[in-house]
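Working notes for the structure below.
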Amino acid sequence: MSEKEKFYITTAIAYTSKKPHIGNMYEIIFTDSIARYKRQKGYDVFFLTGTDEHGQKIGEIANGMGISPKEHVDNISNEIRAMDDMMNCSYDGFIRTTDEHHEKAVQHIFKKLYDQGDIYKGKYEGWYCVPCESFFTESQLVDGCCPDCGAKVTKSQEEAYFFKMSKYQDRLIKYIEDHPGFIEPESRKKEMINNFLKPGLQDLCVTRTSFKWGIPVDFDPDHVVYVWLDALSNYITAIGYDVDSQSQQYDKLWPADLHVVGKDIIRFHTIYWPIMLMALGLPLPKKILGHPWLLFGEDKMSKSKGNTMYIDDLAKLFGVDGIRYYLLSEMSYAQDGSITPESLIARYNSDLANTIGNLVNRTVTMANKYFDGVVADKNIAEDVDAELKTQCLDSYRKFTDCMDKYRVSEAVSAIMDLARRSNKYIDETMPWALAKDESKLPRLQTVLYNLIESIRYIAVMLKPVIPETAHKIMAQINSDVFDIDSLENFGSGNISKVGTAEILFSRLDEKEMMAKIREIYPLAVQAEEKEEPKKKEKKSEKPEGVASVIDFEDFTKVELRVAKILECEPVPKADKLLRLQLDDGEQGRQVVSGIHTWYEPADLIGKKIILVSNLKPAKLRGVMSEGMILAADTDENTAKVIFVDDSIPAGAKIH
């Protein structure tokens, strides 16, 4: 772009009641990857994060520790910022809601809304949840507890100020319907409209008198501003907004281009926050993205369950980029992700050590061994070269398309597709064999040139994901061409001589790593080990007798499609499982199948099979499987995959 276009991106500010676990940290790493990508694209990025530091819960925790609330939030905020820095999060602004300029701006916002009649004084009576800092009616409770977190609630009655949400309800519904991309994913948008807006909004309690740790209402100091009006305002106060004065930075950056928030607080960001902005006469943010949760196995992380893990501990074991890579590859756009010690180790070894690390190391080693590091394209081309170049360009286009849509895990998948194809190219061209014949040295130079350029593609695309590793790769191939647009044309790397080969990721020994993790998180490992027998038992359950007769309508619920196997590899620590990467005629998908007893990966690559494409996704040994392939039992101990004629296109529906 000729003149830099601004891009203002934010995380939700982290609550300072306690140290955040790894699931909480996903959000800033995800947001960082988008901010880094936008900088690569030439945008003038401002990336804001920070901490939310007021509320009853914080006051109670500090009191229990015998320290002041300010001392407590100082400690936690510093710890959060240190973890953000450790994970190489490239934020440009870090706001604390105890910052003086924020507190004053919130007081002025409150007074403006009160003066214009959007806030009024009344009395609140209802059930209050301290952990969520939310009020609920009797009908909203679940078994007498908080519907969001399950904690016990207390009956509360107190004088309070209220915000007239209902006044802006219809205007907000129209805005959401007129701006299709305002709330994403689409499922979150439907949830907000159907479950909250259309049934009718209640006026929102925006002050409390039962505690003092908050921003006082300057004209009624018995009241402190309640959490959401305080916390949500950070997105504008951090860049210089105040009621009667706006900074140049505010004028430049607002409206925000993207708010990234967890799905559990999307209601506050897509209903309360837009209504506050409407009342202030300010533009609404362009997009609000509600990301899914990171679960431990299949459960939400909880200290009481002993399955809470912390990013600083894990980074010491797997490295910063090892953890960044896992989180950004594991978490899909709309579905919850999962983490277990076993899956962490398996993903690290498979993707980082075996696929990317091995590719870079052996390629740079061969360039140094055969040509003293000199890189030259002798244009001795074969068909397989064109296939690799096409894969480079295809992966680049898929990567940018996914990153533009904030589908980061799919963008990572595009990088891995290229890394696997590059490793396959080595096996196809066999450089070690070419090196034995002097007449084939020009061909070998071409092969290594193509490989090193494909590695540059991988490094450039990895920069937003695992930046330290991306720079290490570029140092090994001796290139500084990080410009994302340089990937438009294969051969733009200007590489004439590579550097020294160094190991990027050493393969981890699972037993040793599990022992180290068990020392830190004994309860988490025990919880996972207890679940394994249950999963196996559930998996082995088989109905007795003949199959039941089903209606035609039941049969039509099963969607069968033709799919082509693009990649295939064993699932670590699972003797019978193969992980298949499929072309299903759409976005592509991954399927795990228990056919390794009868098939090796090489037997399957390129074959077309029948896929049950609408099966509910499930995790097998920590690996996501998005369907099932059909096979036939030919005798008691043998199964044969049903292959399809190659003339039938991938994606064709079977009737």
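Quick note: numbers below take in every heavy atom, side chains included, and nothing from hydrogens, waters or symmetry partners. None of these values were measured; they are calculated from a predicted model.
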Between D404 and Y37, is there a side-chain donor-acceptor contact under 3.5 Å, judged purely by atom types and distance?
yes
With no hydrogens and no angle check, do the side chains of E184 and Y333 hold a donor and an acceptor under 3.5 Å apart?
yes
For the residue pair [X] and [Y], categorise the inter-ring angle as parallel (less than 30°), tilted (30 to 60°) or perpendicular (more than 60°).
{"X": "F219", "Y": "Y161", "result": "perpendicular"}
{"X": "H269", "Y": "W228", "result": "perpendicular"}
{"X": "W254", "Y": "H259", "result": "tilted"}
{"X": "Y128", "Y": "Y226", "result": "tilted"}

E60 and W213, any side-chain heavy atoms less than 4.5 Å apart
no
Side chain proximity check, M87 to D32, heavy atoms < 4.5 angstrom
no
Across all chains, not counting sequence neighbours, the side-chain hydrogen bond (donor to acceptor under 3.5 Å, both in side chains) partners of Y406 are none
Can you name the side-chain hydrogen bond (donor to acceptor under 3.5 Å, both in side chains) partners of T209, sequence neighbours left out?
E158
Hey, could you give me each pair passing ring pair (Phe, Tyr, Trp, His ring centres under 6.0 Å) that has a residue in residues 184-205? Not counting sequence neighbours.
none
In a check of side chain to side chain contact (heavy atoms under 4.5 Å, CB included) between Y8 and each of V45, L48, D44, which one passes?
L48
Ring-face cation of R39 near F47 (centre distance under 6.0 Å, axis angle within 45°):
no
Donor-acceptor contact below 3.5 Å, side chain D118 vs main chain K164:
no
Would the distance check show the side chain of Y457 and the main-chain N or O of L487 forming a donor-acceptor pair, the cut-off being under 3.5 Å?
yes
Between F318 and Y326, is the ring centroid distance below 6.0 Å?
no
Centroid separation under 6.0 Å, is that true for the rings of H223 and F110?
no
How would you list, by chain and number, every residue that makes a salt bridge (Lys or Arg N to Asp or Glu O under 4.0 Å) with K463, sequence neighbours excluded?
none
With sequence neighbours excluded, tell me which residues meet salt bridge (Lys or Arg N to Asp or Glu O under 4.0 Å) with R96.
E53, D74
Could you pull out all residues at least two apart from A62 that satisfy side chain to side chain contact (heavy atoms under 4.5 Å, CB included)?
I67, P69, H72
Looking at CD1 of I311 and CD1 of I22, how far apart are the two atoms once the value is rounded to the nearest 0.5 Å?
4.5 Å
Output the distance between atom NZ (K287) and atom CZ (F182), rounded to the nearest 0.5 Å.
10.0 Å
Electrostatic pair K300:D336 at N-O distance under 4.0 angstrom:
no
